[in-house]
Enquirer: 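Structure in structure tokens, see below.
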Amino acid sequence: MKILVINAGSSSLKYQLIDMETESVLAKGLCERIGIDGHLKHTPLIGGKPVFDEDLAMPTHSEAIAAVIDKLTSAEYGVVASMKEIDAVGHRVVHGGEKFASSVKIDDAVMAALEECIPFAPLHNPANITGIEACRKVMGDVPMVAVFDTAFHQTMPGKAYMYAIPYEYYQNDGIRRYGFHGTSHRYVSARCAELMGKPIEELKLISCHMGNGSSICAIDGGKCVDTSMGFTPLVGLPMGTRCGDLDSGVIQFIMNKYGIGIDEMLNILNKKSGVLGVSGVSSDFRDLDAAAAEGNDRAQLALDMFHYWVAKVAGSYVAAMNGVDAIIFTAGVGENSKSSRAAIAEYFGYLGVTIDPEANAKRGEDIMISTPDSKVKVFVIPTNEELVIARDTKAICG
Ligand code: AMP
């Protein structure tokens, strides 16, 4: 069975074609500048085929999907003979609200329910829906599945997902913590249980997804019991450019003092804050590490804040679960930055965590970076959201 995994943004579309016999990626690629001019980078990973990396007109997502199918099936760049070989499509959808606690086969009723979730993610869900519609148009009745970033977090208890504001806002409008990165937290926690050789039902895990966007998840017995992102992905940890937790009084103060409207304020909190805002250097942790090494105090402060927040939130989840068996680092920073991992692990001394510096220096593989006698184990597990989407699609359509 071959499954096409699609992650559609407003002007971009990422894809992977995965052979489920071996769970190997046959080809991957990225359409960019959809609706502007259009560019496709298509990388076949089998058969020694060349990379296609050129401008291509893409007025809408339909032309983008058509270009992807064309390349996947072409003699020069293709990895399958025809579209018939693509058995199903898995779509990443950011927000499933309270309607979707697991992945679902797409039909007209699901499309209508996805539309109803748009107010929760007005930037992301319309793009995801456009991607699904374009695929249905170009690929006809190939079965399709929606996999939600929020679904894994639907097991949170009310005490974790409710905000302490008038109950009517939850009841009437669905205002509550939803959480994001669920597909990633689900993948790494399941993989961690495999690596530990224990049933996930018997484990208390804390998963730290640290990338440009970052969130932490408390997973008790395989189920999410709390997570740091909320109604939107803006809160929790300070991130590349997002502010993380912030006293809402600060928003009122800045808006009043500088005569800023809510759209501009949210743009500042989403795009100009986080480690970029504090350091004034960059949102990229490689740049921050380099600047801090040259004595830039604000870059060091931004890094210190990030590490402190990861430790602080993870610590609160140890309390929430009354213990922890393993802590997992994943995503861009979690998988690549040994200095950030080491700095965060320093805070976990009270848990009896000890890190093996040699293991911590390795990259690109699932690895335990704590010493064998460490009371709580620490793992680096490269995330693979596409594989989860493909596996769910196979389970539902296969
Ligand atoms: P992601 O959102 O998971 O793709 O992560 C992207 C982020 O990972 C980048 O913005 C960097 O901050 C970070 N990153 C990637 N490689 C490294 C590295 N070698 N050292 C530190 N941070 C890294």
Side-chain angles (χ1 to χ4, degrees), residues 5 7 9 12-16 25 28-30 32 41 43 92 94 123-124 149 179-189 191 207-217 227-229 232-244 270-294 296 298-310 328-346 355 357 359-367 369 379-389:
V5 175
N7 182 354
S12 70
L13 186 146
K14 273 192 242 166
Y15 64 93
Q16 286 190 2
V25 182
K28 62 179 183 177
L30 173 65
E32 284 179 296
K41 181 167 183 187
T43 308
R92 176 195 181 217
V94 168
L123 295 180
H124 291 105
D149 276 18
F180 299 86
H181 295 141
T183 314
S184 173
H185 291 301
R186 188 174 136 209
Y187 173 79
V188 297
S189 56
R191 186 78 190 108
S207 151
C208 308
H209 179 112
M210 312 190 304
N212 201 24
S214 297
S215 71
I216 307 194
C217 186
T227 192
S228 60
M229 282 180 168
T232 72
L234 184 59
V235 296
L237 310 168
M239 310 181 206
T241 61
R242 290 181 216 147
C243 60
N270 271 299
K271 305 262 170 70
K272 298 179 181 172
S273 299
V275 292
L276 167 68
V278 172
S279 69
V281 172
S282 172
S283 62
D284 192 305
F285 280 64
R286 287 163 288 201
D287 299 336
L288 296 177
D289 284 338
E294 284 167 11
N296 185 316
R298 276 172 53 189
Q300 188 60 56
L301 174 63
L303 287 167
D304 290 346
M305 282 175 68
F306 181 78
H307 302 148
Y308 174 72
W309 266 91
V310 173
I328 309 156
F329 291 120
T330 192
V333 180
E335 291 166 28
N336 295 302
S337 176
K338 62 178 178 188
S339 57
S340 282
R341 291 194 299 257
I344 294 163
E346 285 273 306
I355 296 294
N360 188 36
K362 292 195 178 153
R363 267 174 74 177
E365 54 185 298
D366 297 335
I367 188 166
I369 61 167
F379 289 87
V380 176
I381 301 179
T383 194
N384 196 341
E385 292 160 277
E386 291 79 9
L387 185 56
V388 177
I389 295 173

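When a ligand or atom number is given, it counts from 1 through the structure's own listing order. Note that the structure is a prediction, hence the values are computed from the model and not measured.
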Enquirer: Give me the residue, atom name and distance of the protein heavy atom closest to atom 15 (C) of ligand 1.
Expert: Arg286 CZ, 3.6 Å
Enquirer: Strictly inside 4.0 angstrom of atom 5 (O) of ligand 1, do you find any protein heavy atom?
Expert: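 True for atom 5 (O) of ligand 1.
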Enquirer: Among protein heavy atoms, which lies nearest atom 11 (C) of ligand 1, and at what distance?
Expert: Asp284 OD1, 3.3 Å
Enquirer: Among all protein heavy atoms, pick out the one at the shortest distance from atom 13 (C) of ligand 1; state its residue, atom name and that distance to 0.1 Å.
Expert: Val333 CG2, 3.6 Å
Enquirer: Mark yes or no for whether Thr227, through its side chain, and Ile216, through its backbone, hold a donor-acceptor pair below 3.5 Å.
Expert: yes
Enquirer: Ignoring hydrogens and geometry, is there a side-chain-to-backbone donor-acceptor pair from Arg242 to Pro233 under 3.5 Å?
Expert: yes
Enquirer: Where the side chain of Asn360 meets the backbone of Ile369, is there a donor-acceptor pair that is under 3.5 Å apart?
Expert: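 A pair under 3.5 Å: no.
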Enquirer: Is there any N or O on Asn212 that sits under 3.5 Å from an N or O of ligand 1?
Expert: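 There is such a contact, yes.
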Enquirer: Quick check on contacts: which atoms of ligand 1 are under 4.0 angstrom from a heavy atom of Ala331?
Expert: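 Once the distances to Ala331 are compared, the set is 3 (O).
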Enquirer: Applying the side-chain contact (heavy atoms from CB on, under 4.5 Å) test to Ser184, which of Thr383, Ile381, Asp149 qualifies?
Expert: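 The side-chain contact (heavy atoms from CB on, under 4.5 Å) with Ser184 is passed solely by Thr383 among Thr383, Ile381, Asp149.
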Enquirer: In terms of residue, atom name and distance, what is the protein heavy atom nearest to atom 22 (N) of ligand 1?
Expert: Phe285 CB, 3.5 Å
Enquirer: Mark up the atoms of ligand 1 that fall under 4.0 Å of a heavy atom belonging to Gly332, in ascending order.
Expert: 1 (P), 3 (O), 5 (O), 8 (O), 13 (C), 14 (N), 15 (C), 23 (C)
Enquirer: How about Ser337 and Phe285: do any of their side-chain heavy atoms sit closer than 4.5 Å?
Expert: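 No, too far: nothing below the 4.5 Å cut-off.
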Enquirer: Quick check: does any side chain N or O of Thr183 sit under 3.5 Å from a backbone N or O of Glu385, one acting as donor and the other as acceptor?
Expert: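 No; zero donor-acceptor contacts below 3.5 Å.
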Enquirer: How close does the nearest protein non-hydrogen atom get to atom 19 (N) of ligand 1, and which residue and atom is it?
Expert: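 Minimum-distance protein heavy atom for atom 19 (N) of ligand 1 reads Asn336 CB, 3.4 Å.
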Enquirer: Take His185 and Ser215 through the side-chain hydrogen bond (donor to acceptor under 3.5 Å, both in side chains) test and state the conclusion after the steps.
Expert: CA-CA 9 Å; His185 291 301; Ser215 71; 2.8 Å; yes
Enquirer: Considering only heavy atoms of Gly211, which atoms of ligand 1 have at least one such atom less than 4.0 Å away?
Expert: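 Matching atoms, with element in brackets: 1 (P), 2 (O), 3 (O), 5 (O).
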